[in-house]
Amino acid sequence: MEHAEFNTGLLKFLNASPTPWHAVATMKSQLDAAGFEELDEKDDWSVDRNRSYYVIRNGSSIVAFRTGARDASASGIRMVGAHTDSPCLKVKPNPELRRKGFFQLGVEVYGGVLMNPWFDRDLSLAGRVTFLDGHNKVSDTLVDFRKPVAFIPSLAIHLDREANSSRTVNPQTDLPPVLMQVPEDDATSFNELLAQQIARESGAKVHKILGYELSFYDAQEAAVVGLRDNFIASARLDNLLSCYIGLQALLNTSGDEAALLVCNDHEEVGSMSSEGAQGPFLTAVLDRWCGAGKARTIARSMMISADNAHGVHPNYMDKHDENHGPILNKGPVIKVNHNQRYATNSRSAAVYRHISDELGLPHQTFVVRSDMGCGSTIGPVTAANLGVTTLDIGVPQFGMHSIRELIGTEDGFTMFRVLAEFMQREQVL
């Protein structure tokens, strides 16, 4: 895969994946096209050598793997992990608000949203809906309104003279988006609007809406930006970028060695769910694949937890340790925290550095300032659950947890090249 092809595919992937369910559906389509076989957790499995499989849980988490030519207990598994969710605004169960003829929806803040950038953006709506169909059967479907359907207008500075110095955001009262104007006697429900959208998208007959998990998202598509095209701007770069990198690495390996990609939902809210990294999903898949040899397999395996890193912002350079400030387009960032907010150790870092150096590719290191708190990833959780040697790494970015984020055009492709080599190495530890 060439650099331009990689970035073109990234933009398409980001635009097609406004929610975790859409991201998994997009990955599924690429895996199907590459000849991977879907496994259902409800069925008996027959996992053979030199085969490729994937498993989906809840529609929002996925594990894809190549079994390789050798017994995994003798060769280990080269694992890459990422997460499918991003901070956003989710629609509440009873969301309708009618004020002065404006139809709005109440929203719940999901994850550590940087709230101010959500104002004055063209917003669309997507997610999963569960409904009773025309045959009285409970069904799930994905919806994506695609066009801008909502807006959260700022309060004019004339009505808040302190807006540029002391304005704060109340998520309960300030964030409900405006969708339309309606007559005072209008009784249109949000569920009716959803049923109409489902009919438009799939033609399915909706007898009753039973539930949904829907998120607003920035309707502006991902784009290459900058006077010299140095950057990619998009929503959900944290962490769909890593999902895309891991997927392309898995698809572009030789398949001779056992390799696995796991993309979990719910990282942004702590990973504690059946399909999150603190849940049993990955362990269950490995149990059924490796059987009695699982412990020996894990001892020979390594996990690379891929999640974006904080690049040095030129307007806020004092927010970084002076010797550990990652620069966009200067290579992926090995993330170190000796208090175990990241799972990197000297051995796992050395594996990545060695492969990267062999390929002649750049890499950087990040350590948070000693007087600041440190975020975390699925790395420590996965390492603790499996007992697997783990590295935390990520592409440097600006605007993490904003509605629109920024990365360099070089770093994703650089990390893809290293991970593709990692996934087909005969020995990693």
Side-chain angles (χ1 to χ4, degrees), residues 17-24 27 41 54-65 77 79-90 108-114 127-128 213 215 235-247 260-287 294 298 301-310 333 335-337 339-345 348 366 368 373-395 397 400-401 405:
S17 307
T19 73
W21 295 275
H22 289 84
V24 168
M27 287 188 277
E41 290 191 272
Y54 67 89
V55 190
I56 294 173
R57 182 175 285 192
N58 188 48
S60 61
S61 293
I62 187 168
V63 176
F65 57 97
I77 305 171
M79 305 182 194
V80 173
H83 64 88
T84 58
D85 60 323
S86 301
C88 61
L89 304 182
K90 295 205 172 192
E108 181 179 5
V109 174
Y110 176 86
V113 174
L114 194 61
R128 180 175 68 175
E213 296 173 80
S215 307
R236 303 176 300 282
L237 286 169
D238 174 23
N239 191 31
L240 292 187
L241 170 63
S242 299
C243 293
Y244 177 77
I245 292 170
L247 177 63
L260 176 148
L261 170 69
V262 55
C263 296
N264 291 111
D265 197 359
H266 298 144
E267 189 274 346
E268 297 292 359
V269 292
S271 295
M272 183 64 78
S273 68
S274 64
E275 58 273 15
Q278 287 205 58
F281 185 29
L282 179 56
T283 299
V285 171
L286 291 172
D287 284 342
K294 178 186 167 187
I298 294 301
S301 300
M302 178 173 160
M303 162 68 76
I304 294 181
S305 166
D307 202 347
N308 295 358
H310 300 292
V333 183
K335 298 155 74 170
V336 176
N337 182 266
N339 292 304
Q340 298 304 301
R341 299 295 290 169
Y342 303 132
T344 303
N345 62 31
S348 62
F366 171 78
V368 73
C374 183
S376 193
T377 70
I378 67 167
V381 173
T382 305
N385 279 352
L386 293 182
V388 65
T389 299
T390 302
L391 168 74
D392 267 298
I393 195 165
V395 166
Q397 74 163 89
M400 189 176 290
H401 289 197
E405 302 166 325

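Closest approach of V63 to F65, counting heavy atoms only: CG1-CD2, 4.2 Å. M303 approaches G81 most closely through the heavy-atom pair SD-N, 3.4 Å. Nearest heavy atoms, Y110 versus E268: CE2-CB, 4.0 Å. Nearest approach of S60 to P20, heavy atoms of both residues: CB-CB, 3.9 Å. Scanning all heavy atoms of the two residues, the minimum distance from N264 to D85 falls at O-OD1, 4.0 Å. The two residues H83 and C243 come nearest to each other via the heavy atoms O-SG, 3.2 Å.
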Starting from the C-alpha separation in whole Å, work towards a yes-or-no answer on side-chain contact (heavy atoms from CB on, under 4.5 Å) for Q397 and L241.
-> CA-CA 11 Å; Q397 74 163 89; L241 170 63; over 6 Å; no
Assess whether side-chain contact (heavy atoms from CB on, under 4.5 Å) is satisfied between V109 and L89, documenting all intermediate values.
-> CA-CA 5 Å; V109 174; L89 304 182; 4.0 Å; yes
Apply the test salt bridge (charged side-chain N to carboxylate O under 4.0 Å, His left out) to residues E213 and R128: give CA-CA distance (whole Å), side-chain angles for both, the deciding distance (0.1 Å), then the verdict.
-> CA-CA 5 Å; E213 296 173 80; R128 180 175 68 175; 2.8 Å; yes
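A distance of 6.5 Å separates OG in S86 from CD in E405, rounded to the nearest 0.5 Å. A distance of 6.0 Å separates CH2 of W21 from OG of S215, quoted to the nearest 0.5 Å. The CD1 atom of I77 sits 6.0 Å away from the CD1 atom of I298 when rounded to the nearest 0.5 Å. In this structure, H266 NE2 and T84 OG1 are separated by 8.0 Å, a value rounded to the nearest 0.5 Å. We find the OG1-CE distance between T390 and M302 to be 7.5 Å, quoted to the nearest 0.5 Å. Atom SG of C263 is separated from atom CG of L247 by 7.5 Å, given to the nearest 0.5 angstrom.
Using a 4.5 Å heavy-atom cutoff, the side chains of M79 and L386 are in contact. With contacts defined as side-chain heavy-atom distances shorter than 4.5 Å, the pair M27/Y54 does not qualify. Looking at S242 and N308, their side chains come closer than 4.5 Å, going by heavy atoms from C-beta outward. No side-chain heavy atom of E267 sits under 4.5 Å from any side-chain heavy atom of N239. Inter-residue side-chain proximity for I62 and V262 is flagged as unmet; no heavy-atom pair is nearer than 4.5 Å.
Residues meeting the side chain to side chain donor-acceptor pair (under 3.5 Å) test with E41, sequence neighbours left out: R57.
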Quick one: side chains of residues 275-286, donor-acceptor pairs under 3.5 Å with protein atoms, not counting sequence neighbours, listed by atom name and distance.
from	atom 1	to	atom 2	distance (Å)
E275	OE2	N58	ND2	2.9
Q278	NE2	G270	O	2.9

Throw together a table of side-chain donor-acceptor distances under 3.5 angstrom for residues 374-382, partners on residues two or more places apart or in other chains.
from	atom 1	to	atom 2	distance (Å)
S376	OG	R341	O	2.6
T377	OG1	S305	OG	3.4
T377	OG1	G379	N	2.8
T377	OG1	D392	OD1	2.6
T377	OG1	D392	OD2	3.4
T382	OG1	I378	O	2.8

